[in-house]
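This report concerns only the one structure given below.
Since the model is a prediction, treat every value here as computed from it, not as a measurement. All values below were derived from every heavy atom in this structure, side-chain atoms included, with hydrogens, water molecules and symmetry-related copies excluded.
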Amino acid sequence: MFLISNKEIESMAYPFRKIEKKWQKFWDENKTFKTEDTIDSKKPKFYVLDMFPYPSGAGLHVGHPEGYTATDIIARYKRMKGFNVLHPMGWDAFGLPAEQYAIETGTHPKVTTEKNIERFREQLKSLGFSYDWDREVNTTDPKYYKWTQWIFLQLYKRGLAYISEVPVNWCPALGTVLANEEIINGRSERGGYPVYRRPLRQWMLKITAYADRLLEDLEELDWPESTKEMQRNWIGRSEGAEVEFPVVGLDEKIAVFTTRPDTLFGATYMVLAPEHPLVEKVTTAEYRDQVESYRQEASKKSDLERTELQKDKSGVFTGGYAVNPVNNEKIPIWVADYVLISYGTGAIMAVPGHDQRDYEFARKYNLPIREVISGGDISKEAFEGDGIVVNSSNNEFSINGLPVPEAKKKITKWLEEKGIGKGKVNYKLRDWLFSRQRYWGEPFPILFGEDGEILPVPEEDLPVELPPMEDFKPRPSKEDEEPQPPLSRAPDEWKYVEINGKIYRRELNTMPQWAGSCWYYLRYIDPHNDEKLVDPQKEKYWMPVDLYVGGAEHSVLHLLYARFWHKVLYDAGVVSTKEPFRKLIHQGIILGETEYTLYLDGKNQPVSADLVTNNGTHKETGEHLNTRKLSEDEIQKEGDYFVLKENPEIKIDARAFKMSKSRGNVINPDQIVKGFGADSLRLYEMFMGPLKDMKSWSMKGVEGVHRFLNRVWRLLIDDETDTLHPMLTDDEPTSDQLRVLHQTIKKVTSDIEELQFNTAIAQMMIFINEAYKWSSRPKSVMEKFILLLHPFAPHICEELWQRLGHNQSLTFEPWPQYNEEFLKEDTVEIVLQINGRVRATMEVPIELSKNREELQEKALRTEAVKKRLEGKTIRKVIVVPGKLVNIVAQ
RNA sequence: GCCGAGGUGGUGGAACUGGCAGACACAAGGGACUUAAAAUCCCUUGAUCCUUUUGGAUCGUGCGGGUUCAAGUCCCGCCCUCGGCACCA
């Protein structure tokens, strides 16, 4: 066995460790990337922003540098293009992730947060990102959250922040309430704990007041269509009517919202949500017990259970009746949890003939089903499509014979005239639940008097600092107890404030994680301003953000909240743009290496993958199967599947998985930087595939780009002497050399503009492959190439630039321009097709390739073509100048 | 179920407004250098078939149709994967 040591591998590679340290130190000491505070308004600006990270205890993972490298390439490129570039970084350090980590490790969040930030900063610096570190922000810094609190006060002043006792999503395991957006399938997004509904007094932000503007202004944004669509769905605007149904025997009316007022005559019963306040009044003595127990039952269910059981609708009759105002029909009132208290009015008119949910319910409980729109077959299913209205008239009014859209208009107008209803717009979007029963968040700048008076903390007293507390942990509370936030255990000096002889108590809840990240992009513009959130002159110059890169998981939460706050600040005159982020890109997630998995049964016999369910059990026997990872030489491809080499009957599962600790497929960037260098990591992350796509990691791929950088190095540096390579010359470049160079300039430039970094790198590889064939390496050509490579692999380029005799960083060197003259080739290859199939090619001088007649003639004179055309009649000849000649013959 | 994105060699991926499918890289195979290995350099590499060779033929971008001189790209119908939403009245 011949083993080689790491030392030896190192000696073969270019000295990336030395180089990267050297230039990181240089950039740091010289503040190379500092964006001047005084604005040079003669220069065009470019604001390129990353979604700032939660400094988690796990440190950076390979997903972070993906987006960060992309933005760094843009930042470095734009600087060379003469732009004034703002490229900052900071920390989203409040909130659940940081706090959970603190709880798990039993250390105070302030301590862990500081430590984690330290580590993140070091890791980011080790990757050579060109951030202006003088603008670093930290959401947990009182100087920062002073302004988060200030924004809250603006919201409060405008009536956009209010306290309300509403049913909230209570997560006992986390000891806090959560926003709707933080719940996935009835479980907390963080940790996956069950969530229950319970009423609590909470701060709410009136995002619904901005629903229309949030929807409309999406139009002008250069964002992924899928993200815009998600926000549209989340806002969920629907037009319809609100109609009032009087309750029989009571002086009460039940208001319902419907998008189908045209089906009013088909309403045969009503349903109230279990939480609806009128349930008690409507319920008759006879039905009280069952209604009560149904409500009890429903309230105990978590959201998860309520949605999981959705297939089987349940409900109970209240004994009460309402009157359908269009036909004075007496219809029964039911309670069912398929009606949600939080949408519309919490009550519906049920039209089983034309709504599938009502249909199922009516079928189950034998309620009448009536057709009022023709076109379907309501004996089989509800007809929800457009049709012609039938059976819909009373003595003074009819919509019979009208198509659905017209019927809607007509009946809405009539309802308004009669005062029994009106046109209405409803949103799925609900007000933003803004309180958390947690320690690690911004305190609210709010005081309560003994009489319940709400007193905002005066602006000059901001920030309200978080009190230092040893015991910061949330207390999971019992279901029936009022939750006690950690701040309730704060010292009395903090909790109570005396103003004009009156004692006030501070708000004890804290703000949610999203508060600090809603506006951080503004603070970067003017990070040290103690007088203002941001100086208006600077804001006007830098906003909006020109490019924002971050994960698609923030499509709704962060990006919707930030837009909301931005619009409020716009109305308050703090910012000058309606929208914060002009262009948005989501980087795709990076999966672990592809794994080939073989399934084995209890007797250790292999089981073909098509017999295995998603949960890893046998489809036929239900047996839980073991797995074994296979190496690539144990498998082969057969048709669409991978199979076992030694037994091709057995199909193999070939998949890449999300990186996770438990799976053990997590790639740590530090380890890549150590083994191959930051430049290799950056280059590989960009070379993997299109930025937006999901892709899986490959160590071999990293080695590949590392080899490329080695080739770049050795093209310029003689390994033996560690000096400039003897083949470097001051010769005039040849036209061939200029052509490849200028093709590369052109391709790399346009690819960077379009964020297609993988193909830009491919072109640079082509250049290097070509350059190795040359007998001399003109310095002027090599220097241009180094400038092109620089945004991708800055360390190696700075070093080579310096060794080529420059004593300034290349950061502000002008970006190379390509010259169309050099791209021209003397001849062009023209493809000759016969009946659409390529049969030959011919070289023609460039000027001739534009001439249709000559091309056609020359093509027909070509031997190979003549041979093929023997005995055939030419029907047609298609000539595409500069490309091809296609001869159609029979 | 609904909405969005996507399916191209052994792998990751290229292909401008329809004009030589598979750039670039990885893997694999062969060769050079070396006592040997590593590193490096050169060559081959979609599949099947024909030919002694140079070379040639046929098929091939999820599946089935269509438009066109020409389709990965356009149109119609379907299948699958990923992401999101999901009693929203």
Checklist line | Donor-acceptor contact below 3.5 Å, side chain A:Tyr343 vs main chain A:Asn426 | finding: no
Base, sugar-phosphate, or nothing: which does [X] touch, judged by heavy atoms less than 4.0 Å apart?
X	answer
A:Arg839	sugar-phosphate
A:Tyr427	nothing
A:Ser238	sugar-phosphate
A:Met694	sugar-phosphate
A:Val888	sugar-phosphate
A:Ile348	base
A:Pro690	sugar-phosphate
A:Gln636	nothing
A:Arg711	sugar-phosphate
A:Val838	sugar-phosphate

Write down the distance separating the [atom1] atoms in [N] and [M], rounded off to the nearest Å.
N	M	atom1	result
B:A28	B:C79	P	40 Å
B:G56	B:G4	P	47 Å
B:G77	B:C87	P	29 Å
B:U73	B:A14	C1'	14 Å
B:G13	B:C75	C1'	28 Å
B:C76	B:C85	P	29 Å
B:G12	B:A23	C1'	13 Å

Under 4.0 Å between a side-chain N/O of [X] and OP1 or OP2 of [N], yes or no?
X	N	value
A:Lys428	B:A86	no
A:Thr227	B:G4	no
A:Arg837	B:U58	yes
A:Asn769	B:A23	no

What is the distance, rounded to the nearest whole Å, between atom [atom1] of [X] and atom [atom2] of [N]?
X	N	atom1	atom2	value
A:Asn233	B:G83	CG	C1'	13 Å
A:Leu884	B:G18	CG	P	14 Å
A:Lys313	B:A86	NZ	C1'	11 Å
A:Tyr343	B:C85	OH	P	17 Å
A:Lys876	B:G19	NZ	P	18 Å
A:Leu832	B:A70	CG	C1'	14 Å
A:Trp234	B:A86	CH2	C1'	11 Å
A:Glu381	B:G1	CD	C1'	13 Å

Notebook entry, point to check: When you look at A:Lys773 and A:Glu770, which way does the salt bridge (charged side-chain N to carboxylate O under 4.0 Å, His left out) test go after all the steps?
Noted result: CA-CA 5 Å; A:Lys773 295 176 193 160; A:Glu770 286 298 313; 3.3 Å; yes
Is there a donor on the side chain of [X] or the base of [N] sitting less than 3.5 Å from an acceptor on the other?
X	N	value
A:Gln763	B:C24	no
A:Lys883	B:C20	no
A:Gln833	B:G19	yes

For the side chain of [X], counting heavy atoms from C-beta on, which of [options] is nearest?
X	options	answer
A:Phe257	B:A89, B:C20, B:A25	B:A89
A:Lys637	B:G4, B:U11, B:C87	B:U11
A:Arg714	B:U40, B:G13, B:C69	B:U40
A:Glu229	B:C3, B:C85, B:C20	B:C3
A:Thr759	B:C24, B:A14, B:C20	B:A14
A:Asn886	B:G19, B:G13, B:A89	B:G19

Item checked: Contact pattern, 5' to 3', of nucleotides 26-33 of chain B - B, S or - by protein heavy atom under 4.0 Å -> SS------
Notebook entry, point to check: For RNA chain B, which ranges pair as stems of 3 or more consecutive Watson-Crick or G-U pairs, with both donor-acceptor distances under 3.5 Å?
Noted result: B:1-7 with B:79-85, B:10-12 with B:24-26, B:28-32 with B:40-44, B:46-50 with B:55-59, B:62-66 with B:74-78
Margin query: Can you confirm whether more than 12 heavy atoms, excluding those of A:Asp640, are under 6.0 Å from its CG atom?
Written below: no
Margin query: Between A:Ala762 and A:Thr258, which residue's closest nucleotide on RNA chain B lies nearer the 5′ terminus?
Written below: A:Ala762
Margin query: Both A:Asp640 and A:Tyr684 contact RNA chain B. Taking the nearest nucleotide for each, which residue is further toward the 5' end?
Written below: A:Tyr684
What residues form a side-chain contact (heavy atoms from CB on, under 4.5 Å) with [X], not counting sequence neighbours?
X	result
A:Ser342	A:Leu340, A:Arg430
A:Asn665	A:Glu595, A:Phe657, A:Met659, A:Ser660, A:Arg663
A:Arg237	A:Asp212, A:Leu215, A:Glu239, A:Val425, A:Tyr427

Next item on the list: Check the side chains of A:Glu843 and A:Thr827 for a donor-acceptor pair under 3.5 angstrom, ignoring hydrogens and angles.
Entry: yes
Checklist line | Close side-chain approach of A:Leu584 to A:Pro224, heavy-atom, < 4.5 Å | finding: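 Heavy-atom side-chain distance check passes, below 4.5 Å.
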Next item on the list: Taking the side chain as every heavy atom from C-beta outward, state whether A:Leu214 and A:Ile207 have any atom pair closer than 4.5 Å.
Entry: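 Side chain of A:Leu214 against side chain of A:Ile207, heavy atoms only: contact under 4.5 Å found.
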Next item on the list: Tell me, please, whether A:Tyr14 has A:Arg711 positioned over its six-membered ring: NZ or CZ under 6.0 Å from the ring centre and within 45 degrees of its axis?
Entry: no
Check: Using the ring of each side chain (for Trp, its six-membered ring), is A:Phe361 parallel, tilted or perpendicular to A:Tyr365, with breaks at 30° and 60°?
Finding: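 If you compare the ring of A:Phe361 with that of A:Tyr365, the planes turn out tilted.
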Notebook entry, point to check: What residues, two or more places apart in sequence or in another chain, satisfy side-chain hydrogen bond (donor to acceptor under 3.5 Å, both in side chains) together with A:Ser775?
Noted result: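 With neighbours one apart ignored, the set is empty.
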Note to self: Looking at every non-hydrogen atom in both residues, tell me the closest pair between A:Lys695 and A:Gly689 and how far apart they are.
What the structure shows: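 In terms of heavy atoms, the two residues are closest at CD-N, 4.1 Å.
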Checklist line | Glycosidic class, syn or anti, of B:G29 using a 90° window around 0 | finding: anti
Notebook entry, point to check: Please walk me through it: do A:Ser750 and A:Glu753 pass side-chain hydrogen bond (donor to acceptor under 3.5 Å, both in side chains)?
Noted result: CA-CA 5 Å; A:Ser750 64; A:Glu753 294 280 355; over 6 Å; no
